[in-house]
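One structure below.
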Amino acid sequence: MAVYVYSITSDRHPLRLDGLDGVGEPAAPLRKVVAGPLCAVVSDAPEGLRPKRRDVAAHQAVQERLMADGTVLPLRFGLTAPDDGAVQEALEKRAAEYTERLEALRDCVEYNLKALQQEEALLREILQESETAQQLNAEIRGGNTSPDLPLRLGELVADEVQARQESLASGVIEALRPFARDLSISQPTGDDFVNVSFLVEEDQEELFLTTEMSVSNQLGDSFEFRLNGPLPPYSFV
């Protein structure tokens, strides 16, 4: 039977797995596969596994329990291997890489930050600060029917939005970077202008959180900051 792989730890990790359920229904019992200095937490993999709420929650609960007791390489939901022997072989083959990653993540957690600026406030800001935008908007409102004007205004606004959002993202990241051991920048989606994960050492968490709150307050009510964490460091495995 295929096995579901949750995470990799050092063999010195206490691995308190009692009371935890694995994925599947009925829930599969958890076990460990050891190879040299490394250990993988696994269970039997159910057939037709899908990201159902119960299984995703079970996967996350394993990560959080392990993370509470030591450093862990959390694997993303859905990773399987043919059998325990294949897991053991992978641990042996990539022992140096996994050991280096465990050391790099020692005493760290992940925080993911997404942020957006309300579209109406952003457009109002552009019209207030750009003389060219003001002029084009005035001509359109004044009855100039040239089809070129709305196109030029739209292009100008789009360029301004991109430039301003890139500048905002850079400023936010640079303000928080001193309190992170590492960071991982992802492409923002929707209305967000930043989507970044920070690897934060435990003794820097308070400073990181205080600075994030300060940056959010400085930018004002037209901005929405969404900070998620502490999380298992998925983005840094």
Side-chain angles (χ1 to χ4, degrees), residues 6-10 12-16 20 38 41 51 56-77 79 97-119 121-122 125 161-237:
Y6 298 84
S7 42
I8 297 170
T9 73
S10 162
R12 298 186 300 276
H13 195 287
L15 293 176
R16 294 186 306 114
L20 286 176
L38 298 172
V41 176
V56 172
H59 178 92
Q60 185 68 6
V62 172
Q63 312 299 346
E64 291 175 354
R65 170 74 67 80
L66 294 172
M67 188 176 71
D69 289 338
T71 308
V72 58
L73 301 185
L75 305 181
R76 295 192 181 276
F77 180 87
L79 181 67
E97 178 183 347
Y98 292 146
T99 301
E100 183 277 329
R101 275 287 85 198
L102 283 167
E103 185 60 33
L105 301 181
R106 184 180 300 278
D107 299 327
C108 290
V109 293
E110 176 176 338
Y111 282 90
N112 175 259
L113 176 64
K114 297 179 181 178
L116 61 81
Q117 183 179 11
Q118 296 173 7
E119 182 179 18
L122 177 57
E125 182 180 290
V161 167
Q162 180 176 351
R164 289 167 185 256
Q165 289 189 335
E166 288 177 354
S167 177
L168 281 167
S170 178
V172 169
I173 291 171
E174 290 307 310
L176 295 172
R177 186 190 294 270
F179 310 106
R181 183 182 292 181
D182 198 2
L183 57 85
S184 176
I185 301 173
S186 301
Q187 182 66 32
T189 59
D191 294 329
D192 292 337
F193 64 83
V194 67
N195 178 8
V196 57
S197 291
F198 297 90
L199 185 66
V200 181
E201 297 181 32
E202 292 173 356
D203 62 1
Q204 292 289 303
E205 277 189 86
E206 185 174 351
L207 284 171
F208 176 85
L209 294 172
T210 300
T211 303
E212 184 274 335
M213 184 178 297
S214 175
V215 171
S216 176
N217 290 336
Q218 288 176 31
L219 288 175
D221 294 337
S222 66
F223 289 83
E224 177 187 324
F225 276 53
R226 306 186 308 283
L227 185 67
N228 191 15
L231 301 168
Y234 290 110
S235 300
F236 302 93
V237 174

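Count residues from 1 along the sequence.
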*Evaluate the side-chain proximity of I185 to I173: yes if any heavy-atom separation is below 4.5 Å, no if none is.*
yes
_Trace of the side-chain contact (heavy atoms from CB on, under 4.5 Å) decision for E224 with R226_ = CA-CA 7 Å; E224 177 187 324; R226 306 186 308 283; 3.1 Å; yes
*Do side-chain atoms of R76 reach the backbone of Y6 as a donor and acceptor pair under 3.5 angstrom?*
no
*Which heavy-atom pair separates P14 from D69 by the least distance, and what is that distance?*
CG-CB, 3.6 Å
*asked:* With rounding to the nearest 0.5 angstrom, report the CG to CG distance, L102 to L38.
replied: 6.5 Å
*Electrostatic pair E166:R164 at N-O distance under 4.0 angstrom*: no
*Does R65 use its side chain to pair, donor to acceptor, with the backbone of R16 at less than 3.5 Å?*
yes
*asked:* I'd like to know if the side chain of S214 and the backbone of T210 have a donor-acceptor N/O pair within less than 3.5 Å.
replied: no
*Close side-chain approach of V62 and V41, heavy atoms under 4.5 Å*: yes
*Student check: side-chain heavy atoms of V172 and L113 closer than 4.5 Å*: yes
_Can you confirm whether the side chains of S216 and E212 place a donor and an acceptor under 3.5 Å from each other?_
no
_Considering all heavy atoms, the nearest P51-F77 contact_ = CA-CE2, 3.5 Å
*How long is the span from the OG1 atom in T211 to the CD atom in E206, to the nearest 0.5 Å?*
10.0 Å
_Distance, nearest 0.5 Å, that separates CG of D107 from CD of E205_ = 10.5 Å
*Can D192 and K114 be counted as an ion pair, charged N to O under 4.0 angstrom?*
no
_Does D203 have more than 12 heavy atoms from other residues, nucleotides or ligands lying within 6.0 Å of its CG?_
yes
*Which heavy atom of V109 sits nearest a heavy atom of M67, and at what distance?*
CG1-SD, 4.2 Å
*Could you give the distance from CD (E202) to CZ (R106), rounded to the nearest 0.5 Å?*
11.0 Å
_Angle between ring planes, H59 versus Y234, binned at 30° and 60°: parallel, tilted or perpendicular?_
parallel
*How far does CG of D182 sit from CZ of F236, to the nearest 0.5 angstrom?*
5.0 Å
*Okay, side chain of E110, backbone of S235: is any donor-acceptor separation there less than 3.5 Å?*
yes
_pair V215-F225: side-chain heavy atoms closer than 4.5 Å_ = yes
*Are Q118 and S222 close enough that a side-chain donor and a side-chain acceptor fall under 3.5 Å?*
no
*Measure the shortest side-chain to side-chain distance between T71 and T9 over non-hydrogen atoms and say whether it is less than 4.5 angstrom.*
no
*Might you work through the side-chain contact (heavy atoms from CB on, under 4.5 Å) test for V196 and N112, ending with a clear yes or no?*
CA-CA 6 Å; V196 57; N112 175 259; 5.9 Å; no
_Side chain to side chain, L199 and L183, heavy atoms closer than 4.5 Å_ = no
*Would you sort out whether V200 and L209 count as a side-chain contact (heavy atoms from CB on, under 4.5 Å), showing the intermediate values?*
CA-CA 10 Å; V200 181; L209 294 172; over 6 Å; no
*Taking atom CD of E100 as the centre, does the number of heavy atoms from other residues, nucleotides or ligands within less than 6.0 Å exceed 12?*
yes
*Find out whether S7 and Q63 are in side-chain contact, i.e. whether some heavy atom of one side chain is under 4.5 Å from a heavy atom of the other.*
yes
*Using the side-chain contact (heavy atoms from CB on, under 4.5 Å) rule, take F208 and L176 through it: C-alpha gap first, then chi angles, then the decisive distance, then the call.*
CA-CA 6 Å; F208 176 85; L176 295 172; 3.9 Å; yes
_Flag, side chain of R181 to backbone of A104, donor-acceptor distance under 3.5 Å_ = yes
*In Å, rounded to the nearest 0.5 Å, how long is the span from CG of L116 to CG of N195?*
12.0 Å
*Does P233 reach the side chain of P74, with side-chain heavy atoms less than 4.5 Å apart?*
yes
